[in-house]
2 protein chains.
Amino acid sequence: MSETTISLKKNFPNFSNDLIEEIEAHCSFQTFKSGDIVMRTGQYIKNTILILKGQLKIYREGDDGEEFLLYYLEPGQACAISLICSSKNQTSQITAKVVEDVEAVTIPLTLMDKWMMNHRSWYEFVIYTYRTRFEEVLEVVDNIAFRAMDERLEFYLKRHAKACGCKEINLSHQEIALELNTSREVISRLLKKMEQRGLVRLHRNQIELMI
Amino acid sequence: MSETTISLKKNFPNFSNDLIEEIEAHCSFQTFKSGDIVMRTGQYIKNTILILKGQLKIYREGDDGEEFLLYYLEPGQACAISLICSSKNQTSQITAKVVEDVEAVTIPLTLMDKWMMNHRSWYEFVIYTYRTRFEEVLEVVDNIAFRAMDERLEFYLKRHAKACGCKEINLSHQEIALELNTSREVISRLLKKMEQRGLVRLHRNQIELMI
DNA sequence: TAGTCCATGTGACAAATGTTACTGTAGCTA
DNA sequence: TAGCTACAGTAACATTTGTCACATGGACTA
């Protein structure tokens with residue numbers, strides 16, 4: 001059994017053996033470096049990727065190049081947007097940037113469509129992915145629609161800590177500001193208040209979550 | 001041919017005859033009155049509805065009962081959220097309220113799952129619906145993430161005019177404020193500015209779009 | 001006609017957020 | 001060590017949005 005197969009089986013335990021064999025036979029293994037843009041708003045979608053290792057962030061771009069974080073992609077997941085795009089030439093509505101070096105399997109569109117009918121486990125994966133991503137985006141809507149920046153920041157920090165599995169968040173205030181579409185000064189200000197409330201401890205290039 | 005069949009064929013022209021026959025055989029026709037809540041956040045989803053007539057609005061509820069408009073549903077459409085929910089007991093993440101009296105066909109969950117495999121035209125409809133709704137929600141994210149209230153109001157008015165197919169929008173400032181999650185005074189203020197710029201004419205309970 | 005809603009207009013102020021400008025400081029390296 | 005750069009802190013101010021208070025005026029009804 002190849003290493004890719006092992007990794008596929010580990011990260012996508014619900015895939016049937018048939019499906020994994022097909023992936024092996026027809027799809028290519030690829031790696032991406034931190035900072036790489038895997039998919040960009042407006043580009044035609046030609047394939048989707050299954051993440052085996054690393055982390056991607058999916059964000060929406062504003063007219064003036066602002067970024068707005070939607071969610072992270074991790075091993076065992078796939079880009080929802082590219083999973084469902086009719087055979088027509090569909091362009092991407094989002095940008096995907098590598099946060100941590102990524103190992104992934106690339107799957108051409110044509111195969112995906114076929115698999116939906118032939119592989120129950122693929123079908124279920126797609127449905128599940130789509131539903132959970134939709135919910136995640138709805139939660140993002142909640143945050144920006146109903147909550148002020150201080151709450152959003154808190155939510156962001158918690159999500160980040162959860163994603164990396166630790167309480168130390170290695171991000172500059174500038175980076176956070178970018179993802180929440182605000183300015184560094186605002187983030188600094190709010191973080192200071194959070195520190196006064198005992199919710200975080202601030203260090204250079206690191207925020208220690210106390211909750 | 002029954003009236004429902006005719007209406008189904010007209011509003012869902014891509015459905016195969018087989019599919020329409022199945023719908024006829026197993027699904028029930030229902031009507032809802034303006035103001036009815038068809039689906040509420042937290043409720044279990046037991047079925048989906050295909051709209052034949054009227055208009056629904058789909059919105060997200062805040063912790064304190066605030067509303068936030070996501071999109072409208074019109075004849076020929078279906079509620080995306082309820083289209084994809086695994087057989088498990090899934091609760092709704094949104095609320096659907098009738099804007100204009102609705103005629104619809106109700107489809108039980110169990111059938112939907114079967115049809116995905118057996119009816120290509122249903123499968124394509126589901127995929128298409130999901131994709132377009134996802135995009136619509138992403139556009140909503142853009143609006144609240146990147147744009148100020150004046151732009152959002154303008155976008156809202158245009159979308160509303162498009163949905164009803166006319167330039168006269170019969171809404172009070174209060175109703176608009178609710179859907180954009182702001183206050184009436186803010187809407188009044190911004191509308192006045194828009195009137196000064198010649199973009200609208202304001203009347204009692206009506207806003208005339210000039211663009 | 002007087003009274004009562006309801007929708008709207010508007011001024012004054014409060015609070016949140018965005019912007020500008022400047023300071024300090026840690027870490028790197030020439 | 002001096003100089004550079006990136007990061008962080010913060011004061012001061014502008015702008016946007018939210019809130020309160022109150023006025024106006026149309027539509028309807030007792």
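Naming: A, B, ... by sequence-line order, numbering from 1 per chain. Keep in mind that what you see is a predicted model, and the values were worked out from it rather than measured.
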Annotated protein contacts, base or backbone, on nucleotides 6-18 of chain C with a non-hydrogen cut-off under 4.0 Å, one of B, S, - each: BSBBB-B----BB
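Of the possible polar contacts, one joining the Thr95(B) side chain to the Thr41(B) backbone as a donor-acceptor pair under 3.5 Å is found. Remark: the backbone N or O of Asn170(A) is not paired with any side-chain donor or acceptor of Asn205(A) at under 3.5 angstrom.
Looking at heavy atoms from C-beta onward, Val126(A) lies out of side-chain contact with Trp115(A) at the 4.5 angstrom threshold.
By the 4.0 Å N-to-carboxylate-O rule, Arg147(B) lies too far from Glu154(B) to be salt-bridged with it.
Using a 30° and 60° split on the angle between ring planes, Phe68(A) and Phe146(B) fall in the perpendicular class, above 60°. Using a 30° and 60° split on the angle between ring planes, Phe12(B) and Phe125(B) fall in the perpendicular class, above 60°.
One finds the CD atom of Glu168(B) at 11.5 Å from the CD1 atom of Ile207(B) (value rounded to the nearest 0.5 Å).
In summary, contact between chain B and DNA chain D, defined as any nucleotide atom under 4.0 Å from a heavy atom of the protein, begins and ends at dT17(D) to dG26(D) in the 5' to 3' direction.
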